[in-house]
Amino acid sequence: MIYGKQTLIDLSEQVGGGINPYLFTKQADSTKLSHNADVTDQYEQIVCYMLPHTSARRYWLEIMGKPAPWKWLNVCPYSTPGCRGACLVDSGRLGMAPAKRAMLARTALYCKSQEKFWSLVEHEIRLHNRRVRRKGKTLVVRLDGTSQINIEEQAPWILDMHPDVIFQDYLKGPYKTGWTRANRYVVSSGTERDTKVTIRNRGNVVFPVNVPKDEPLPRMFMGRLVVDGDKHDLRFLDHQYDRAVLVRMKGNNKDMHGFIREVS
């Protein structure tokens, strides 16, 4: 068995999760990613959902009734009060108990043994890449679906091992954006703290806005032309630079800080 898999299985069993746990969710099984197929058949994406910020510690206590025998890590080091309040982790399928238990097992594996976690990440990417290549497509990996552990900083060797895979993430914080290497694309994720000044020179920046599903978006936002971020999740296809990528409000929307921007 691949290094780290048995530990994930054991953790999933402890928290009442599935008997065949995995780190990555396929494009067809993610509401957000499934829209990719509407715009292109060239790529197929996978995403890893973890419990954001420090919420894993709380969920573990709720389920297990006692602290874990390892130190919990903050998997969203640049989160803000606004993004924590409006996080999509409580929306749609992710808000359901089975998904929460799966995310808890993944986050627990990362906190318990990063060596095992990254080994399993590489293994699953290899399997998905083989599956997607058989279809004549290119695999796109989004590790930080609800986290920000940044593969480029922590496990760049995985990027080196898979030059034919595109690694894409939305990141907050002081990171380079755009194509940071031949197979790595980063788009900046805006927060309630951002202004026209702070997003200058950050390339395209993503903002959630208070526009209902299927309603039109404004043409301009924060002095930038708008890209509809709900049409797909392949941000490297946007091509333009200095655009505002807007996504319609999602999550539990308990936003008291202005993270979800007012545009109407």
Side-chain angles (χ1 to χ4, degrees), residues 2-5 7-8 11-12 15 17 21-25 30 32-33 45-60 68 70-80 83-84 86-90 94 99-126 128-129 139-162 165-181 183-191 202 206 233 235-236 251:
I2 192 68
Y3 187 59
K5 183 64 175 183
T7 304
L8 180 62
L11 289 166
S12 182
V15 301
Y22 48 84
L23 297 179
F24 287 97
T25 299
S30 168
K32 172 70 173 177
L33 270 57
Q45 192 173 18
I46 58 175
V47 60
C48 177
Y49 292 119
M50 299 170 70
L51 285 178
H53 193 238
T54 58
S55 59
R57 179 190 295 111
R58 173 166 54 87
Y59 282 109
W60 180 275
W70 56 78
K71 179 181 178 182
W72 290 104
L73 303 173
N74 182 352
V75 299
C76 298
Y78 293 102
S79 67
T80 63
C83 78
R84 292 194 292 272
C87 185
L88 59 76
V89 74
D90 289 317
L94 294 184
K100 285 285 182 60
R101 292 174 190 269
M103 289 188 284
L104 177 56
R106 294 172 194 136
T107 312
L109 176 65
Y110 174 77
C111 296
K112 183 177 183 178
S113 174
Q114 291 189 31
E115 184 180 7
K116 291 180 179 179
F117 176 84
W118 290 117
S119 174
L120 197 52
V121 165
E122 193 283 321
H123 172 71
E124 289 197 17
I125 288 173
R126 186 157 24 95
H128 281 293
N129 193 28
L139 179 67
V140 180
V141 174
R142 182 178 169 188
L143 178 71
D144 288 313
T146 47
S147 61
Q148 188 169 299
I149 54 178
N150 196 358
I151 193 172
E152 194 165 4
E153 283 190 346
Q154 297 193 29
W157 55 273
I158 296 179
L159 280 68
D160 294 335
M161 289 182 67
H162 300 281
V165 171
I166 296 175
F167 293 82
Q168 173 198 283
D169 276 309
Y170 300 66
L171 296 180
K172 297 177 177 64
Y175 296 116
K176 289 177 60 179
T177 58
W179 289 102
T180 62
R181 53 191 291 170
N183 63 339
R184 170 70 165 163
Y185 185 85
V186 175
V187 63
S188 181
S189 182
T191 76
R202 276 168 51 186
V206 180
D233 193 57
R235 296 275 64 88
F236 58 91

| query | Any side-chain heavy atom of Asp169 sitting closer than 4.5 Å to one from Asn150? | reply | no
| said: Could you check whether Tyr49 and Ser30, counting side-chain N and O atoms only, form a donor-acceptor pair closer than 3.5 Å? | reply: yes
| task | With rounding to the nearest 0.5 Å, note down the distance linking CG in Leu23 to NZ in Lys5. | result | 7.5 Å
| For the side chain of Gln45 and the backbone of Leu33, is there at least one donor-acceptor N/O pair under 3.5 Å apart? | no
| message | With heavy-atom distances below 4.5 Å as the criterion, would you say the side chains of Thr107 and Trp60 are in contact? | response | no
| task | Sort out for me which residue in Ile149, Val186, Val47 forms a side-chain contact (heavy atoms from CB on, under 4.5 Å) with Asp144. | result | Ile149
| said: Just verifying a value: how many Å separate Thr7 OG1 and Lys116 NZ, rounded to the nearest 0.5 Å? | reply: 3.0 Å
| task | Could you tell me which non-hydrogen atom of Cys111 sits nearest to which non-hydrogen atom of Trp72, and how far apart they are? | result | SG-CE3, 3.7 Å
| message | I'd like to check His123 versus Leu120 (side-chain heavy atoms, cut-off strictly below 4.5 Å). Are they in contact? | response | yes
| CZ of Phe167 to CD1 of Ile151: how many Å apart, nearest 0.5 Å? | 5.0 Å
| What closest approach, in Å, do Tyr22 and Glu124 show between heavy atoms, and which atom pair accounts for it? | CA-OE2, 3.4 Å
| task | Find the distance between NZ (Lys100) and OH (Tyr59) and round it off to the nearest 0.5 Å. | result | 3.0 Å
| field | Side-chain heavy atoms of Thr180 within contact of Tyr175, under 4.5 Å | value | no
| message | Can you see whether Tyr170 engages Arg235 through a side-chain donor-acceptor pair at a distance of less than 3.5 angstrom? | response | yes
| said: As an exercise, state the distance from CD of Gln168 to CH2 of Trp179, rounded to the nearest 0.5 Å. | reply: 8.0 Å
| task | Answer whether the closest heavy-atom distance between the side chains of Leu51 and Val75 falls below 4.5 Å. | result | no
| field | Nearest heavy-atom neighbours spanning Leu11 and Ala105 | value | CD1-O, 3.9 Å
| said: With a 4.5 Å cut-off on side-chain heavy atoms, are Tyr110 and Gln154 touching? | reply: yes
| Short side-chain donor-acceptor distance under 3.5 Å, Ser79 and Arg84 | yes
| Taking NZ, NE, NH1 and NH2 as the nitrogens, is one of them in Arg181 or Asp160 under 4.0 Å from a carboxylate oxygen of the other? | yes
| Over all atoms of both residues, closest heavy-atom pair of Gln114 and Leu73 | NE2-CD1, 3.3 Å
| request: Quick one: pull up CG in Asn183 and CD1 in Ile158 and give me the separation to the nearest 0.5 Å. | output: 11.5 Å
| Which pair of non-hydrogen atoms, one from Arg202 and one from Ser189, has the smallest distance, and what is that distance? | NH2-O, 3.9 Å
| task | May I ask you to test the His162-Leu139 pair for a side-chain heavy-atom distance under 4.5 Å? | result | no
| Side-chain heavy atoms of Pro21 within contact of Leu8, under 4.5 Å | yes
